[in-house]
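A short worksheet on the structure shown next.
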Amino acid sequence: MSSAADTAARLSAATSGLPAPVAVVDLDVFDTNARDILKRADGVPVRVASKSVRVRSLVERALGHGFAGIMAYSLREALWLVRAGAHDVLVGYPTVDRDALAALAADASARAEVTLMVDDVAHLGLVAAADEASAGSGGSDPIKVCLDVDCSLRVGVGPLTAHLGVRRSPLREPGDVAALATVAQAKGLAVRGLMFYEAQVAGLPDTSPAVRLVKRLSMREVNERRVRILAAVRDAVGQEMELVNAGGTGSIEVSGSAPGVTEVTSGSGLYAPGLFDGYRSFEARPAAFFGLDVVREPAPGWVTAFAGGYVASGKAGAARVPRLFTPGYTLNGPEGVGEVQTPLRATRGSSPDGYLHTGDRVWLRHAKAGEMMERFDQVHLVSGTEIVETVPTYRGEGKNFG
């Protein structure tokens, strides 16, 4: 693999005629990452997570490599993708958007291609109400739903129980999941599948022995519970689940090989953002970057770049700040990345011959994947030292789904 300096020089050469800030995706690395994800899945279908891409042409490129289906993050997004020709779109999060539900219910193509995520009777009520209000205008095929199951690890007893993982779904035990599946079926909805997202496994870098222990314990517990849940739902609705989704980029191997799982999801691994640097179970190859231009030199060894304050969502802290990719410089601790300026300091021991100067371009990586694309209208797809295509992001297509 090329060094960071070589990659930065190549990206600068490819975009030398473009103003900054500028977003690029290295297609050679993107394609390598796509193939590696599919190899890690070892034949288990991989659904592409659109929230981690947010560029329609790159979602389609992943599908072209062999990814199977899309996990959208918004029902409005799912409807837009289907109208553009997408198939098998699983909405990864519940919705209470009545207008979007009405549009789904009234559209035969959307009913055929979209599966909604639910974890509460309230969700089912909204879906069923939209279905009834459509008065059959969307055809006779039932609206499909997927039940989201909590996969956190709980350690301890009673009030001393520690909750390790995200606060996601209220569904946890087999009886609770089966009961909601029964209600869904009674309301005329098709229970297509179940989702088990082990966030504390898929979304945590392998930073310490303690984290790796939590991951092992989590997979052991959720694998045992998944088997019981699948049996309970099968008994409740009278059929096996067509779709059993699990995992993310950080857990492809262990989630994909788990009992009952029919598919895994990955999206961030296509870009390999900064938060992926700590993983040991796979090689994170950075594919997405943004470039800033140096606009002044306030002191020897110091430069200031324009813009750059693209901080990621989640718990505030250093982990959410963009990573400087151009070697030889560091961010200034007191200022970090700024709304309109980002100061950079040459690392100790750097030679003045290698200093950046006004007009030079520096490259950074976002801490997360798709969020970077919310800052740009277009992204330049680079191969070698050439831009082979410039395509719109979701934002560039005038779409903002939250």
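All values below were derived from every heavy atom in this structure, side-chain atoms included, with hydrogens, water molecules and symmetry-related copies excluded.
D293 has its side chain out of reach of F306: every pair of non-hydrogen atoms, C-beta onward, lies at least 4.5 Å apart. In this structure, the side chains of D26 and V24 stay at 4.5 Å or more apart for every pair of heavy atoms. In this structure, the side chains of T393 and M372 stay at 4.5 Å or more apart for every pair of heavy atoms. Side-chain contact between E297 and Y355: absent, with no pair of heavy atoms (C-beta onward) separated by less than 4.5 Å. Proximity of M373 to V53: side-chain heavy atoms (C-beta onward) are nowhere separated by under 4.5 Å. D148 has its side chain out of reach of V118: every pair of non-hydrogen atoms, C-beta onward, lies at least 4.5 Å apart. Taking the side chain as every heavy atom from C-beta outward, K399 and S74 never approach each other to under 4.5 Å. Contact annotation: the side chain of R54 approaches that of E371 to within less than 4.5 Å [non-hydrogen atoms, C-beta and beyond].
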Anything under 3.5 Å between a donor and an acceptor, one on a side chain of residues 56-71, the other on a protein residue two or more places apart or in another chain? List them.
| from | atom 1 | to | atom 2 | distance (Å) |
| --- | --- | --- | --- | --- |
| R56 | NE | E397 | OE2 | 3.1 |
| R56 | NH2 | E397 | OE1 | 2.7 |
| R61 | NE | D31 | OD1 | 2.8 |
| R61 | NH2 | D31 | OD2 | 2.9 |
| H65 | NE2 | D31 | OD1 | 2.9 |

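To the nearest 0.5 Å, the span separating CD on E132 from NZ on K187 amounts to 9.5 Å. Here L189 contributes atom CG and T115 contributes atom OG1; the two are 11.5 Å apart, rounded to the nearest 0.5 Å. One distance of note links CG of L381 with CD1 of I387; it measures 9.0 Å at 0.5 Å rounding. Between atom CH2 of residue W302 and atom CG of residue N332 there is a gap of 4.0 Å, rounded to the nearest 0.5 Å. Within the model, atoms CD1 of I37 and CG of L270 stand 4.5 Å from one another, a figure rounded to the nearest 0.5 Å. Atom-to-atom distance recorded for T265:OG1 and N245:CG is 3.5 Å, nearest 0.5 angstrom.
Scored by the side-chain contact (heavy atoms from CB on, under 4.5 Å) test, R375 finds Y310 as partners (sequence neighbours excluded).
Environment of CZ in R35: crowded, with over 12 heavy atoms of neighbouring residues, nucleotides or ligands closer than 6.0 Å. By the 6.0 Å contact criterion, CD on E374 is enclosed, its count of non-hydrogen atoms from other residues, nucleotides or ligands being greater than 12. Counting heavy atoms of neighbouring residues, nucleotides and ligands inside a 6.0 Å radius, atom CZ of R98 does not exceed 12 of them. Counting non-hydrogen atoms of other residues, nucleotides and ligands closer than 6.0 Å to CG of D6 gives a total above 12.
A salt bridge links E253 to R40: one of the charged nitrogens lies within less than 4.0 Å of a carboxylate oxygen. Under the 4.0 Å criterion applied to side-chain N and carboxylate O atoms, D377 and R395 are assigned as salt-bridge partners. Using a cut-off of 4.0 Å between Lys/Arg side-chain N and Asp/Glu carboxylate O, R47 and D88 are scored as salt-bridged. Between E242 and K144, no side-chain nitrogen of the basic residue sits less than 4.0 Å from a carboxylate oxygen of the acidic one, so the salt-bridge criterion is not met. Using a 4.0 Å cut-off between a side-chain N of Lys or Arg and a carboxylate O of Asp or Glu, R192 and E263 do not qualify as a salt bridge. Using a cutoff of 4.0 Å between basic side-chain nitrogens and carboxylate oxygens, D28 and R285 are not scored as salt-bridged. Under 4.0 Å is where a charged nitrogen must lie from a carboxylate oxygen, and between R220 and E224 no such pair does.
Note: F401 and W80 have tilted aromatic rings, judged against thresholds of 30 and 60 degrees for the angle between ring planes. F376 and F290 have tilted rings, their planes meeting at an angle from 30° to 60° on a 0 to 90° scale. The aromatic rings of F30 and Y271 lie tilted to each other, with the angle between the two planes from 30° to 60°.
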Before giving the answer on side-chain contact (heavy atoms from CB on, under 4.5 Å), spell out for V303 and Y329 the whole-Å C-alpha distance, their side-chain angles and the decisive distance to 0.1 Å.
-> CA-CA 9 Å; V303 296; Y329 278 79; 4.0 Å; yes

From CA spacing to verdict: side-chain contact (heavy atoms from CB on, under 4.5 Å), L344, L331 | CA-CA 5 Å; L344 307 171; L331 296 174; 3.6 Å; yes

Does the pair E335 and Q341 meet the rule for a side-chain contact (heavy atoms from CB on, under 4.5 Å), with working shown?
-> CA-CA 9 Å; E335 293 188 70; Q341 68 172 29; 4.0 Å; yes

Does the pair C146 and L243 meet the rule for a side-chain contact (heavy atoms from CB on, under 4.5 Å), with working shown?
-> CA-CA 8 Å; C146 178; L243 182 160; 4.0 Å; yes

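Across all non-hydrogen atoms, the minimal contact from V22 to R361 is CG1-NH1, 4.0 Å. In terms of heavy-atom proximity, S266 sits nearest to T249 at OG-OG1, 2.6 Å. Nearest approach of S255 to E198, heavy atoms of both residues: OG-OE2, 3.1 Å. Between T342 and G336, the shortest heavy-atom contact is CG2-O, 3.8 Å. Of all the heavy atoms in Q378 and H380, the pair that sits closest is NE2-CE1, 3.6 Å. When all heavy atoms are compared, the tightest approach of P322 to G308 is CG-O, 4.0 Å.
Here the side chain of R168 pairs no donor or acceptor atom with the backbone of D150 at under 3.5 angstrom. Remark: side-chain polar atoms of R10 are not paired, donor with acceptor, to backbone N or O of T385 under 3.5 angstrom. For the pair R225 (side chain) and R172 (backbone), a donor-acceptor distance under 3.5 Å is present. Side-chain N or O atoms of S134 include one that pairs as donor or acceptor with a backbone N or O of D131 at under 3.5 Å. Counting only distance, with no hydrogens or angles, the side chain of Q185 and the backbone of V237 share a donor-acceptor pair below 3.5 Å. In this structure, R111 contributes its side chain and D141 its backbone to a donor-acceptor pair below 3.5 Å. The backbone N or O of H357 sits less than 3.5 Å from a side-chain atom of D360, completing a donor-acceptor pair.
Donor-acceptor pairing under 3.5 Å is lacking for the side chains of D42 and S257.
With D119 as reference, L171 is the one residue of L171, L147, V177 to meet the side chain to side chain contact (heavy atoms under 4.5 Å, CB included) rule.
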